[in-house]
**Q** 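Shown below is the structure under consideration.
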There are 2 protein chains.
Amino acid sequence: MIIQIDFAGDLPLYSQLRDQIVIGIAAGLLQPGEVLPSVRRLAADIGINIHTVNKAYALLRDEGYIVMDRRSGAAVAGRPLDSRGFSEHLADLLRPIAAEAICHGLDAAQFGQFCADLHHQVRAIRDIQEEHP
Amino acid sequence: MIIQIDFAGDLPLYSQLRDQIVIGIAAGLLQPGEVLPSVRRLAADIGINIHTVNKAYALLRDEGYIVMDRRSGAAVAGRPLDSRGFSEHLADLLRPIAAEAICHGLDAAQFGQFCADLHHQVRAIRDIQEEHP
DNA sequence: CTATCTGTTATATAACAAATATAACAGATG
DNA sequence: CATCTGTTATATTTGTTATATAACAGATAG
């Protein structure tokens, strides 16, 4: 799986890395049980510091997306994902975005459709990647 | 309109303030043309620094949500809002969130419905506020 | 056992962002 | 003139981000 980091972007590097791995899992590019690169290896590949990768991995572990083992390294977590309080978490993330959409004239149906389309887009990343091996 | 700031939260104060004002506009609590409190007044009311409020106001101005005048102060912008590149902006915000939803087992229809419901919730804030004057 | 891999922890440093404090300026208003 | 508005400038403090170097504990292969 290809990781692309925008060093000029607004988001912190560890946050970009975290997002891309979550997207990779959602798209199916990273499957449950699949072993991720070690912090040293991935840091060298991307060209960033070990601790930055470690911070992203630790964050993903705390969120339940990956499991980490001292011996075998990091791996994508097997289902199911702990979902206590996830609705509230999701609502907190989406509320300001929904407000933006409202201010720009999108009604509930349009916004819901836009979100559903994006859901499909994320799932389709896998197919796009497999077309260009 | 009541502003609630979480000093222990992860989000910067100016960002929280910006989000709440956008939500207020979306909910209809702040209507186009309505005058906002001055930076000094709002800073004193909330108990934060003038520059923090100024940063939030300047951000809202750059995004087109409010207009600022040296004489009369800040006011909610009249429609329409400039929407060039808004879809891309919205997609960038939603992509990692959609990925999270996928990882937690929500399909496209469920995610779209959740987003549409939240859209309604934001619009309903106005009615809730008016019940308790 | 040795060498090498893994995550983990510690410490130090530099750069940047966030928030505060104080002060001043230009323009408009009563 | 006094008072309000946004705006700008400077300085300081604090926290985050990212880097660098180093070491430790546990597991594994030679």
Side-chain angles (χ1 to χ4, degrees), chain A residues 1 3-22 25 30 33-78 96, chain B residues 1 3-22 25 30 33-78 96:
Chain A
M1 179 193 170
I3 301 281
Q4 281 291 0
I5 297 294
D6 179 14
F7 292 91
D10 320 339
L11 285 174
L13 304 184
Y14 79 93
S15 190
Q16 291 185 43
L17 184 54
R18 177 264 177 200
D19 284 353
Q20 292 208 27
I21 291 176
V22 172
I25 296 172
L30 300 173
E34 188 172 339
V35 175
L36 294 173
S38 72
V39 288
R40 288 174 178 83
R41 181 65 184 276
L42 186 53
D45 287 353
I46 301 177
I48 61 178
N49 193 271
I50 305 170
H51 294 85
T52 306
V53 178
N54 198 321
K55 192 169 181 178
Y57 274 21
L59 183 58
L60 288 163
R61 169 175 47 81
D62 293 344
E63 293 177 318
Y65 291 106
I66 65 176
V67 289
M68 305 190 77
D69 189 359
R70 221 180 285 263
R71 30 192 175 172
S72 54
V76 178
Chain B
M1 180 191 171
I3 303 280
Q4 282 290 359
I5 298 294
D6 178 14
F7 291 92
D10 320 338
L11 285 174
L13 303 185
Y14 80 92
S15 190
Q16 291 185 43
L17 184 54
R18 177 262 177 202
D19 284 351
Q20 293 209 25
I21 291 176
V22 173
I25 296 172
L30 300 172
E34 187 172 340
V35 175
L36 294 173
S38 72
V39 289
R40 289 175 176 84
R41 182 64 185 276
L42 187 53
D45 287 353
I46 302 176
I48 61 177
N49 193 272
I50 304 170
H51 294 86
T52 307
V53 177
N54 199 322
K55 192 169 182 178
Y57 273 22
L59 182 58
L60 288 163
R61 169 174 49 80
D62 294 345
E63 292 177 317
Y65 291 106
I66 66 175
V67 290
M68 304 189 79
D69 189 359
R70 221 182 286 261
R71 28 192 175 173
S72 54
V76 178

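Below, chains carry the letters A, B, ... as their sequence lines are ordered, and counting in each starts from 1.
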**Q** Does Leu13(B) reach a base, just sugar-phosphate, or nothing at all? Heavy atoms under 4.0 Å.
**A**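 Since only primed, P, OP1 and OP2 atoms lie under 4.0 Å of Leu13(B), the category is sugar-phosphate.
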**Q** Between dG6(D) atom P and Leu42(B) atom CG, what is the distance in whole Å?
**A** 10 Å
**Q** To the nearest Å, give me how far apart CG (Asp10(A)) and C1' (dT16(D)) are.
**A** 16 Å
**Q** Among Arg41(B), Lys55(B), Arg40(B), find the one that has a side-chain contact (heavy atoms from CB on, under 4.5 Å) with Ile50(B).
**A** Arg40(B)
**Q** What is the minimum heavy-atom distance between Ala75(A) and Gly33(A), and which atoms define it?
**A** CB-O, 4.0 Å
**Q** Report the distance from atom CG of Leu36(B) to atom P of dG6(D), rounded to the nearest whole Å.
**A** 9 Å
**Q** I need the OH-P distance between Tyr57(B) and dT8(D), as an integer number of Å.
**A** 17 Å
**Q** In whole angstrom, give the distance that lies between atom CG of Asn49(A) and atom C1' of dT16(D).
**A**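 Value for this atom pair: 15 Å.
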**Q** Of the nucleotides dT7(D), dT5(D), dT8(C), which has the atom closest to the Arg40(A) side chain?
**A**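 Comparing dT7(D), dT5(D), dT8(C) against the side chain of Arg40(A), the answer is dT8(C).
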**Q** Taking CD1 from Ile48(A) and C1' from dT17(D), how many angstroms apart are they, rounded to a whole number?
**A** 12 Å
**Q** Just to confirm, is there a sub-4.0 Å distance from OP1 or OP2 of dT17(D) to any side-chain nitrogen or oxygen of Tyr14(A)?
**A**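 True: Tyr14(A) side-chain N/O within range (under 4.0 Å) of dT17(D) OP1/OP2.
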**Q** Taking the side chain of Ala74(A) as heavy atoms from C-beta outward, which of dT7(D), dA19(C), dG7(C) is closest to it?
**A** dG7(C)
**Q** Any chance you could measure Leu60(B), atom CG, to Tyr14(B), atom OH, to the nearest 0.5 Å?
**A**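 Reported to 0.5 Å precision, the distance equals 11.5 Å.
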**Q** Provide, to the nearest angstrom, the distance between the CD1 atom belonging to Ile46(A) and the C1' atom belonging to dT19(D).
**A**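 Roughly 15 Å, once rounded to whole Å.
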**Q** Using a 4.0 Å heavy-atom cut-off, does Asn54(B) contact any base of the nucleic acid, only the sugar-phosphate backbone, or nothing at all?
**A**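 Base: the residue Asn54(B), judged by heavy atoms under 4.0 Å, touches a nucleobase.
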**Q** Is the phosphate of dT17(D), meaning OP1 or OP2, less than 4.0 Å from a side-chain N or O of Thr52(A)?
**A** no
**Q** Applying side-chain contact (heavy atoms from CB on, under 4.5 Å) between Val53(B) and each of Leu17(B), Asp45(B), Leu36(B), report the one that passes.
**A**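 The single option meeting the side-chain contact (heavy atoms from CB on, under 4.5 Å) with Val53(B) is Leu17(B).
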**Q** How long is the line joining CE of Met68(B) and P of dC4(D), in whole Å?
**A**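 One finds 18 Å between P of dC4(D) and CE of Met68(B), rounded.
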**Q** Measure the spacing between NE2 of His51(A) and CG of Asn54(A) and express it to the nearest 0.5 Å.
**A**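 Interatomic distance, His51(A) NE2 to Asn54(A) CG, rounded to 0.5 Å: 7.0 Å.
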**Q** Kindly say whether, by distance alone, the side chain of His51(B) makes a donor-acceptor pair under 3.5 Å with the base of dT22(C)?
**A** yes
**Q** Within the structure, does a side-chain N or O atom of Lys55(A) lie under 4.0 Å from either OP1 or OP2 of dA18(D)?
**A**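 No.
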